[in-house]
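Notes to accompany the following structure.
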2 protein chains.
Amino acid sequence: MERKWAGMGRSGRVTLTDVAKASGVSRATVSFVLNDDPRQTISAATRERVMEAAQELGYVAHGIARALREGSSRIVVLNVDWGMEGNFSRSYVRGLDEELAEHGHILLVRHGHAIPEATQQMLDTIAPRAVLRLGEAYLQGHEPTEADWENGFAANAALQIRYLAERGHTRIAMGMTDREYPLTGVRLGFAQEAARRLGLPPLERFVVPRPRQAGAAAVETFLAAHSDVTALAAFDDDIALRALTALRDLGLRVPEDVAVIGFDETEYGSLSTPALTTVHIDAEILGRIAARNALGIDPGTLAPPPGRIVTRASA
Amino acid sequence: MERKWAGMGRSGRVTLTDVAKASGVSRATVSFVLNDDPRQTISAATRERVMEAAQELGYVAHGIARALREGSSRIVVLNVDWGMEGNFSRSYVRGLDEELAEHGHILLVRHGHAIPEATQQMLDTIAPRAVLRLGEAYLQGHEPTEADWENGFAANAALQIRYLAERGHTRIAMGMTDREYPLTGVRLGFAQEAARRLGLPPLERFVVPRPRQAGAAAVETFLAAHSDVTALAAFDDDIALRALTALRDLGLRVPEDVAVIGFDETEYGSLSTPALTTVHIDAEILGRIAARNALGIDPGTLAPPPGRIVTRASA
DNA sequence: TAACGTCACTAGATCGTTTCAGTTCACCGC
DNA sequence: GCGGTGAACTGAAACGATCTAGTGACGTTA
């Protein structure tokens, strides 16, 4: 089955012209009908005929041509420039994707540390409606307000620290990645502020590098210098897992000697020994908000659900 | 600094016309120069003038317009429809990306289980030069030949089984995912064939589901029914890690009671107790081959390096 | 000197949309 | 029977590239 109907350009593509010809109207009219342009008045009969013809022929708008005319395509690009494989990222992407779809747009996720040049070239090719970055949107696009402390990024960061504080830990250290990401500074800042609000001393910051041996060495050095530390809050589950392994390699007991808590639940955290206590974050609503912002739609009163602790054995 | 130079359309975009105007030639000529079209003869002087003007004005080709004219954009889409976070996927993407870049194309990676409808819509918008799928390309696009057994997917699958066989294991089971991926069947087939060639009995197949408790239950059930099994070969490191945890939860010793080997090295495998023995695969060359195939370029004599065992403690 | 070839370029069609600026027609009030 | 109005359309110009089919100008050959 090659061509179901006559009236299809040599290219194999059904175009507006084909639909116009089939329904006996002009291209313009077809366009008006298909996009139901509110500025036009089209008779019900014509509308019907056009719709039917489009259906029959299997017309699908040529996004490239449309984008050329409109100035930008109906695509939104999300850059996820660090391998955040947790629940946050996944749910955020889901929310973003769904909300965009509801407004006729498409999400394109670009993972990995993009070569700037290639990215730029891609953007020129795609001409996306908007380009987002995972980290930026986490903050809902503004400086942290008290609302963020109630229910947002800051609140989730605080949740992690508070959990440890409630278990009686007062000297808490913050395990960070060996690479600087856009979000690392922000996260650390929130954690520090949370500690301050809880009346705790400032969090000592240290890095847990890979591979395994280096991680263990780093943790050993750190604990030697800060023997009063009894708990580690990690930047994410990855770091937490590295720390957990390091502590066990050093012969320390978790959580008795040092408690460890992760951030942004992953499957791997559930498989370690001891299993990792962590923070679960559902960012779907955040994704939806970002989508609306990107499209210039009123975000309404969407509010993200609070994060919650996944209590397991490590803290 | 808004507009560096005069002669830039109201849209803020520098177009071919602008460059043409600036260098005193026609649009066509500019296009010929910039794409150095071999079918045209352009004087050195003109070439120079055009290049310079383009540089000055900061001209960058409008991919959308080009795509409309050419029928497809210079984008290649790669669908990675299952979370394969190992070395294979990463190196494959790197190779693909680099090779495409060398030919003026761009890689767009689409992660996650794409909604078919949205994907189709995206493809209509992007009009990519080619759409690839991670699994397909693993096979270099053809049925497994003896070459694949020498050095390819089949060889890597065999490597895993052979390692266990060399350690004296004869009853080996294959741990699979709970979801069926395009590749699962192929992988299992190769492993079975490898076992046959090594004179081993057929591999018993079983699934290691999540979460942790379910995994342990599955492993327990399986081992009860197949008490002679002494080694588990996993579909990937993820499954291996689940199995490792399950075995430990059941009080079994790894590798003494049951040996475990993963596939496609991840960082997590190095953090477990015992650390996971696995197979490391560098797929960069495979990515380059796929790129050339996609662009219709002769792949030449590129040959992927053989996989290698990463010997750690679990097998 | 007419015919022919090559060089160095240009005009304009083309890709498939969207959308502005009309056009036609029926109907209304006076 | 004339101007005015709104409904229901249509024509054609964009958008920014590529690329075919020419067009002069100059040099070479018979």
Side-chain angles (χ1 to χ4, degrees), chain A residues 7-50 54 57-74 104 121 124-127, chain B residues 7-50 54 57-75 104 121 124-127 129:
Chain A
M8 167 156 98
R10 43 242 129 283
S11 68
R13 202 174 221 297
V14 179
T15 73
L16 257 199
T17 309
D18 297 325
V19 178
K21 216 167 284 176
S23 48
V25 294
S26 71
R27 295 209 307 285
T29 306
V30 176
S31 177
F32 294 148
V33 170
L34 264 32
N35 300 333
D36 53 292
D37 188 325
R39 290 162 303 184
Q40 301 291 330
T41 54
I42 307 282
S43 73
T46 302
R47 186 178 297 273
E48 177 99 6
R49 280 216 319 290
V50 170
L57 296 175
Y59 170 79
V60 19
H62 193 327
I64 292 279
R66 169 180 282 164
L68 177 60
R69 180 63 232 239
E70 289 189 335
S72 76
S73 64
R74 298 191 185 173
Q121 205 186 335
D124 285 324
T125 306
I126 302 281
Chain B
M8 169 157 98
R10 41 244 130 280
S11 67
R13 203 173 221 296
V14 179
T15 74
L16 256 199
T17 308
D18 296 325
V19 178
K21 217 166 283 175
S23 48
V25 295
S26 72
R27 293 208 313 284
T29 306
V30 176
S31 177
F32 294 148
V33 170
L34 264 32
N35 300 332
D36 54 294
D37 188 325
R39 291 162 303 185
Q40 301 291 329
T41 54
I42 306 284
S43 72
T46 303
R47 185 179 299 272
E48 177 100 5
R49 281 216 319 289
V50 170
L57 296 175
Y59 170 78
V60 18
H62 192 328
I64 293 278
R66 170 181 281 164
L68 177 58
R69 178 63 232 243
E70 289 189 334
S72 74
S73 64
R74 297 190 185 173
I75 286 184
Q121 206 186 335
D124 284 324
T125 306
I126 302 281
R129 176 78 184 269

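In what follows, every chain begins at residue 1, and chains take the letters A, B, ... in the order their sequences are listed. These figures come from a predicted structure and were not determined experimentally.
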Practice problem: Would you jot down, in residue-number order, the residues of residues 28-37 of chain A having a non-hydrogen atom under 4.0 Å from DNA chain D? | Solution: A:Ala28, A:Thr29, A:Phe32
Quiz item: Sequence neighbours excluded, which residues qualify as side-chain hydrogen bond (donor to acceptor under 3.5 Å, both in side chains) partners of B:Arg74?
Solution: B:Glu70
Self-check item: Rounded distance (nearest 0.5 Å) linking atom CG of B:Leu68 with atom OG of B:Ser73
Solution: 11.5 Å
Quiz item: Who passes side-chain hydrogen bond (donor to acceptor under 3.5 Å, both in side chains) against A:Thr46, sequence neighbours left out?
Solution: A:Ser43
Quiz item: Looking only at N and O atoms, is any donor in the side chain of B:Gln40 or the base of C:dC9 less than 3.5 Å from an acceptor on the other one?
Solution: yes
Quiz prompt | Among C:dG16, C:dA8, D:dT10, the nucleotide that comes nearest once only the side chain of A:Val25 is considered | solution = D:dT10
Exercise. Scan residues 22-38 of chain B for pairs that pass salt bridge (Lys or Arg N to Asp or Glu O under 4.0 Å), counting only residues two or more places apart or in two chains.
Key: B:Asp37-B:Arg39
Quiz item: When the C1' atoms of the five terminal pairs at each end define the local axes, what inter-axis angle does the helix from C:dT1-D:dA30 to C:dC30-D:dG1 show, to 10 degrees?
Solution: 70°
Practice problem: Could you note down all residue pairs passing side chain to side chain donor-acceptor pair (under 3.5 Å) where residues 57-67 of chain A supplies at least one of them, sequence neighbours left out? | Solution: none
Quiz item: Between D:dA14 atom C1' and B:Leu68 atom CG, what is the distance in whole Å?
Solution: 13 Å
Practice problem: Tell me, please, which residues at least two apart from B:Thr29 pass side-chain hydrogen bond (donor to acceptor under 3.5 Å, both in side chains). | Solution: B:Ser26
Quiz item: Can you tell me if the side-chain N/O atoms of A:Thr46 get under 4.0 Å from OP1 or OP2 in D:dC9?
Solution: yes
What are the atom names and distances for every N/O pair under 3.5 Å that joins the protein to nucleotides 23-28 of chain D?
none

Practice problem: Would you give the length of the straight line joining atom NZ of B:Lys21 to atom CG of B:Leu16, rounded to the nearest 0.5 angstrom? | Solution: 12.0 Å
Practice problem: Could you tell me which residues satisfy side-chain hydrogen bond (donor to acceptor under 3.5 Å, both in side chains) with A:Arg49, sequence neighbours excluded, listed by chain and number? | Solution: none
Exercise. Using only side-chain N and O atoms of B:Ser43, determine if any of them is under 4.0 Å from OP1 or OP2 of C:dC9.
Key: yes
Quiz item: Counting any heavy atom closer than 4.0 Å, what does A:Ala67 reach on the DNA or RNA strands: base, sugar-phosphate only, or nothing?
Solution: nothing
Self-check item: Under the salt bridge (Lys or Arg N to Asp or Glu O under 4.0 Å) test, residues paired with B:Glu48 that sit two or more places apart
Solution: none
Practice problem: Counting heavy atoms from C-beta on, name the nucleotide in C:dC7, D:dA12, C:dG12 closest to the side chain of A:Arg27. | Solution: D:dA12
Quiz prompt | Length of the CZ-C1' vector between A:Arg74 and C:dT17, whole Å | solution = 10 Å
Exercise. Starting at CD1 of B:Ile42, measure out to CD of B:Gln40 and round the result to the nearest 0.5 Å.
Key: 6.0 Å
Practice problem: Looking at every strand, decide which applies to A:Thr41 at a 4.0 Å heavy-atom threshold: base, sugar-phosphate, or nothing. | Solution: base
Quiz item: For the base of C:dT14, is there a side-chain donor-acceptor partner from B:Arg69 under 3.5 Å away?
Solution: yes
Exercise. May I ask you to verify whether the side chain of A:Arg39 and the base of C:dT19 hold a donor-acceptor pair under 3.5 Å?
Key: no
Self-check item: Proximal nucleotide (of D:dA7, C:dG16, D:dA17) relative to the A:His62 side chain
Solution: C:dG16
Quiz item: Can you check the B:Asp18 CG to D:dG16 P distance for me, whole Å?
Solution: 9 Å
Quiz item: Atom CD of A:Glu70 and atom P of D:dG16: how far apart are they, to the nearest Å?
Solution: 14 Å
Quiz item: What residues form a side-chain contact (heavy atoms from CB on, under 4.5 Å) with A:Ala22, not counting sequence neighbours?
Solution: A:Ala53, A:Leu57
Practice problem: Could you work out which one of D:dT18, C:dG16, C:dT18 sits closest to the side chain of B:Arg66? | Solution: D:dT18
Practice problem: State, to 0.1 Å, how close B:Ala20 and B:Val30 come at their nearest heavy-atom pair, and which atoms those are. | Solution: CA-CG2, 3.6 Å
Quiz item: Which part of the nucleic acid, if any, lies within contact of B:Leu16, taking any heavy atom under 4.0 Å across all strands shown: a base, the sugar-phosphate backbone alone, or nothing?
Solution: base
